[in-house]
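One structure below.
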Amino acid sequence: NDLKNREYYLVSDVVDTFECYVVCKIYDLMGSLQFETEMSQVINGQGSILLDLSEDKVKGLLNDNALIVFQFKRQEGEMSSRVFDHILNDYDKASTTDVTLSINKIDSVAKTAILKIENKKFVRNLWVSSSEFGIRFDRNFVSMLPGNSYITITFEELPELSDFKIMWM
């Protein structure tokens, strides 16, 4: 295909037929929005539909590194997203001084907290781990554009910042 052998599909595991609203955004690795399109797809039971990101639509944007974000409304009405790296060339990788982690919004009753990741450069496949047992992350192994990103955690016992480790590619 004309996306450097990459195709993107909307896949459903729901038996019912429903209309799914999809937004696709393409960013450069500095975080600038380069392209945005909206599409509506009727999902007819379990199956998959090829999403149209043909070259005539994206106009050469995928000839360089990019981050592709799909946001879609699930059958239950909740929004979800999937992020894909489109890395074709070397890029300026983030060093340990470019990325910081902090713990925010601790709720000791609900046993949740928000991890804030501040990164000055693109971070590919960031992975957060904890030395404490029972920590659960709402997402992990995610690529992040420069700026602030947040990961919600649940815990059995309140962790300390020193319990966490972050790594990336």
Side-chain angles (χ1 to χ4, degrees), residues 6 8-16 18-33 35-41 43 46 48-49 51 53 65-87 91 93-169:
R6 291 188 184 190
Y8 298 93
Y9 289 85
L10 184 61
V11 179
S12 174
D13 62 355
V14 176
V15 177
D16 300 329
F18 67 100
E19 187 170 3
C20 186
Y21 176 73
V22 180
V23 176
C24 173
K25 297 179 182 181
I26 300 175
Y27 295 88
D28 65 20
L29 298 189
M30 296 303 297
S32 295
L33 180 64
F35 174 81
E36 181 173 359
T37 189
E38 301 173 3
M39 52 192 106
S40 183
Q41 299 284 337
I43 306 296
Q46 296 175 333
S48 62
I49 295 175
L51 297 174
L53 286 185
N65 297 336
L67 191 75
I68 304 169
V69 179
F70 290 100
Q71 297 169 313
F72 52 95
K73 189 176 282 191
R74 298 167 55 116
Q75 182 194 24
E76 305 85 21
E78 69 184 52
M79 291 299 290
S80 290
S81 65
R82 296 290 182 269
V83 178
F84 298 92
D85 301 333
H86 184 76
I87 306 297
Y91 61 94
K93 295 182 179 171
S95 68
T96 55
T97 59
D98 295 320
V99 183
T100 59
L101 177 70
S102 59
I103 301 177
N104 296 323
K105 298 184 182 178
I106 298 168
D107 183 338
S108 56
V109 174
K111 296 194 174 202
T112 62
I114 307 286
L115 298 181
K116 179 181 180 183
I117 296 99
E118 297 179 70
N119 51 303
K120 297 176 186 171
K121 296 179 182 174
F122 172 71
V123 174
R124 187 174 188 195
N125 295 327
L126 180 109
W127 174 34
V128 184
S129 63
S130 174
S131 60
E132 287 296 308
F133 179 76
I135 304 291
R136 290 184 177 73
F137 305 89
D138 74 333
R139 60 193 184 117
N140 219 339
F141 301 99
V142 290
S143 293
M144 298 176 175
L145 295 168
N148 298 331
S149 299
Y150 303 90
I151 296 175
T152 301
I153 63 166
T154 58
F155 54 85
E156 294 174 15
E157 293 192 29
L158 182 62
E160 296 189 25
L161 186 57
S162 60
D163 296 329
F164 294 98
K165 180 179 178 183
I166 54 175
M167 297 170 280
W168 56 91
M169 294 177 71

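Values below: every heavy atom of this structure, side chains too, minus hydrogens, waters and symmetry copies.
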Distance col, row Thr100:OG1 vs Lys116:NZ, nearest 0.5 angstrom, shows 7.5 Å
CD of Glu36 to CD1 of Ile26, rounded to nearest 0.5 Å, is 10.5 Å
May I have the step-by-step check of side-chain contact (heavy atoms from CB on, under 4.5 Å) for Lys121 and Tyr91, ending in yes or no?
CA-CA 10 Å; Lys121 296 179 182 174; Tyr91 61 94; over 6 Å; no
Does some side-chain heavy atom of Glu38 sit less than 4.5 Å from a side-chain heavy atom of Val23?
yes
For residues 130-152, the side-chain hydrogen bond (donor to acceptor under 3.5 Å, both in side chains) pairs (sequence neighbours left out) are Asp85-Ser143
Taking every heavy atom of Pro159 against every heavy atom of Ile153, the minimum-distance pair comes out as CG-CD1, 4.0 Å
Just do the side-chain contact (heavy atoms from CB on, under 4.5 Å) check on Leu145 and Phe122 with the steps written out, would you? CA-CA 5 Å; Leu145 295 168; Phe122 172 71; 4.2 Å; yes
With sequence neighbours left out, the residues meeting ring-ring contact (aromatic ring centres under 6.0 Å, His included) with Phe141 are Trp127
- Taking atom CE of Met167 as the centre, report whether more than 12 heavy atoms of other residues, nucleotides or ligands fall under 6.0 Å from it. yes
All heavy atoms of Met144 vs all of Asn119, minimum pair found to be O-ND2, 3.3 Å
The reported gap from CG in Asp98 to NZ in Lys93 (rounded to nearest 0.5 angstrom) is 13.5 Å
d(Lys25 NZ, Phe70 CZ) to nearest 0.5 Å is 13.0 Å
Leu115 and Ile103 have their tightest heavy-atom pair at CD2-CG1, 3.8 Å
Value for CD (Glu156) from NZ (Lys111), rounded to nearest 0.5 Å, stands at 7.0 Å
- Task: Let me see the working for Ile151 and Ile117 under side-chain contact (heavy atoms from CB on, under 4.5 Å), right down to the final yes or no.
- Result: CA-CA 8 Å; Ile151 296 175; Ile117 296 99; 3.8 Å; yes
Interatomic distance, CG@Leu101 vs NZ@Lys165, rounded to 0.5 Å, equals 13.0 Å
Exercise. Given side chains that start at C-beta, do those of Trp168 and Arg124 come closer than 4.5 Å, heavy atoms only?
Worked result: no
Smallest heavy-atom separation, Leu33 atom then Phe35 atom, equals CD1-O, 3.3 Å
What one should report as the nearest heavy-atom pair of Leu29 and Leu67 is CD2-N, 4.3 Å
Scanning both residues in full, the closest heavy-atom pair of Met39 with Cys24 reads CE-CB, 4.3 Å
- Query: Considering residues, nucleotides and ligands other than Glu118, do more than 12 of their heavy atoms fall under 6.0 Å from its CD?
  - Reply: yes
